[in-house]
Undergrad: 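Provided herewith is a single structure, encoded as structure tokens, for subsequent inquiry.
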Amino acid sequence: MRILIASPEAVPYVKTGGLADVAGALVKEFRKMRHDAILVLPLYRAIRDSTQLADSGISMHIPVGDRFVNARILSDKRAAYFVECDEFFDRPELYGTAQGDYSDNAARFSFFSKSVLEMCRKLNYRPDIIHCNDWQTGLIPLYLKTIYKDEALFSKTATFMTIHNLGYQGLFPVSDMPLTNLGWEMFTTEGIEFYGKVNFLKAGLIAADVVSTVSETYSREILLPESGVGLDGVLKRRERSLHGIINGIDYGEWDPSADKFLPAHYTQKDLSGKALCKRDLLSTVFHTGKRRRQDRAPLLGMVTRLSEQKGLDLIVQAIPEIVAFGVRLVILGKGDERFHKIFSDASEEYPENISVTIGFDEVLAHRIYAGSDFFLMPSHYEPCGLGQLIALRYGSIPIVRKTGGLADTVQDFEPLTNKGTGFLFSDLSVTGMLDALKRALCVYTDAEKMQIMVRRGMQADFSWKRSAQRYAEIYKATLREGKV
Ligand code: ADP
């Protein structure tokens, strides 16, 4: 199959969250499966600074409202294509700064969505599937049903829309509607109107042939009014074409036996390197004199976007008790200014127990996964979550809220049978989280039990192969059964 993956971010080029891991890994797996898969991304400054690119010689004039904006297509050796437009993408961040989203995001991503389709025309590339990811590419399926409906090149192209996080929908004021170049007849409740605003994700949900999200549980949760973020009705109408496919992780990139960022390596059989990783992490992030004694204290890790979704309010409230338990907490994160401040203040107040690094740091992330005993994800909701999968792979036992993909990938520890890969809690409360933490600490005090559990987690298989096959099966079925 010819598969085009349109994504606002992808590993190894640029990443702010799990979507980048998914898009990058899928393309790689599809190529292994001998599909002709290409990736299309905006050419952000971060990509230009880090990747060697060749000019494809393709230039385009893309309508954005009543003006035309120039774009060029660049590519790299791995069959990824990049839409160059400095006006929109030559910026320090992808979507906005800590102060808020870029004000012209509607223009930027409707431009990107049109560019993806124009690029196919210029290359005479006839995709079987266009796989769109999140609101930034949500307009593509609708463009194919409207502006491009008579374009022969796309007559057999099916569209696939994946929701990585329903909390981000690409909502814009009605004054931005003309930037999409769609007619006003689309600005209805059946179309892309959403409580008086324009909703880019909704465009994908109504127009794509297939809709998917990134875990079974989340695919059911989003049909409910309490977790459908206003789109549960729209999704309910698409229920028959809605799939939940769990994400994987790239086992080449995330491998504690060969990870180039770690001071020592380890395997399930020989965990001694993990103790070294812990010691090294402690000496990197804590600068107090009592390290030796505290090597033995349990270490909780967090690598996360600092956003409300991640349950940070629970952590903030629980800090005094976490400290009182004698636990150490190491946090790496970037996001809302509010949390930057709260957590930085907490690390100043409890320098021996709480370490906070604000920023996006791939190297430190790897070292936290390897060096911590437990990995904390008390998310309010979690479409899939990659943190817990990486943590399992690195023998850091997940303590997670029972929601979305966390519920699908972590098995709660059962003291009677001694089974399970982590600790789950359902109640979105500080007590709920602390109860799970206390259960975890009980296991920690029993070194043998702890090792068994670490090993069991490391054995779990969340590699991409199975998920990529599932996507390919659904693509095939969609092409066979015809478009909806
Ligand atoms: P989300 O996509 O909602 O941010 P996921 O758990 O699905 O959450 O994926 C997050 C990914 O981004 C993981 O690979 C995690 O290691 C990585 N990540 C998140 N924040 C940081 C950070 N500050 N520095 C480095 N990596 C990070």
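This structure is a prediction, so every number in the text was calculated from the model and none was measured. One-based numbering, in listed order, for ligands and for the atoms of each. Note that the numbering runs from 1 along the sequence shown for the chain.
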Undergrad: Give every pair formed by an N or O atom of ligand 1 and a protein N or O atom closer than 3.5 Å, one pair per line with both atom names and the distance to 0.1 Å, or write none.
TA:
from: ligand 1; atom 1: 2 (O); to: Gly18; atom 2: N; distance (Å): 2.6
from: ligand 1; atom 1: 3 (O); to: Arg305; atom 2: NH2; distance (Å): 2.7
from: ligand 1; atom 1: 3 (O); to: Lys310; atom 2: NZ; distance (Å): 2.8
from: ligand 1; atom 1: 4 (O); to: Arg305; atom 2: NE; distance (Å): 2.8
from: ligand 1; atom 1: 6 (O); to: Leu386; atom 2: N; distance (Å): 2.8
from: ligand 1; atom 1: 6 (O); to: Gly387; atom 2: N; distance (Å): 3.2
from: ligand 1; atom 1: 7 (O); to: Leu386; atom 2: N; distance (Å): 3.2
from: ligand 1; atom 1: 8 (O); to: Lys310; atom 2: NZ; distance (Å): 3.1
from: ligand 1; atom 1: 9 (O); to: Gly18; atom 2: N; distance (Å): 3.3
from: ligand 1; atom 1: 14 (O); to: Lys15; atom 2: NZ; distance (Å): 3.0
from: ligand 1; atom 1: 14 (O); to: Asp21; atom 2: OD2; distance (Å): 3.4
from: ligand 1; atom 1: 16 (O); to: Tyr369; atom 2: OH; distance (Å): 2.7
from: ligand 1; atom 1: 23 (N); to: Gly359; atom 2: O; distance (Å): 2.8
from: ligand 1; atom 1: 24 (N); to: Asp361; atom 2: N; distance (Å): 3.0

Undergrad: Quick check on side-chain contact (heavy atoms from CB on, under 4.5 Å): which of Ile206, Asn133, Leu142, Leu201 does Met161 satisfy it with?
TA: Leu201
Undergrad: Less than 6.0 Å separating the ring centroids of Phe160 and Tyr471?
TA: yes
Undergrad: Which pairs, with at least one residue in residues 361-384 and sequence neighbours excluded, count as a salt bridge (Lys or Arg N to Asp or Glu O under 4.0 Å)?
TA: Lys278-Asp373, Asp280-Arg367, Lys310-Glu382
Undergrad: Show me the side-chain donor-acceptor pairs of residues 313-321 shorter than 3.5 Å, one per line, residues at least two apart or across chains.
TA:
from: Asp313; atom 1: OD1; to: His380; atom 2: NE2; distance (Å): 3.1
from: Asp313; atom 1: OD2; to: His380; atom 2: NE2; distance (Å): 3.3
from: Gln317; atom 1: NE2; to: Asp313; atom 2: O; distance (Å): 3.3

Undergrad: Checking Lys341 now: which residues fulfil salt bridge (Lys or Arg N to Asp or Glu O under 4.0 Å) with it, not counting sequence neighbours?
TA: Asp345
Undergrad: Do we see a donor-acceptor contact under 3.5 Å between the side chains of Ser307 and Asp336?
TA: no
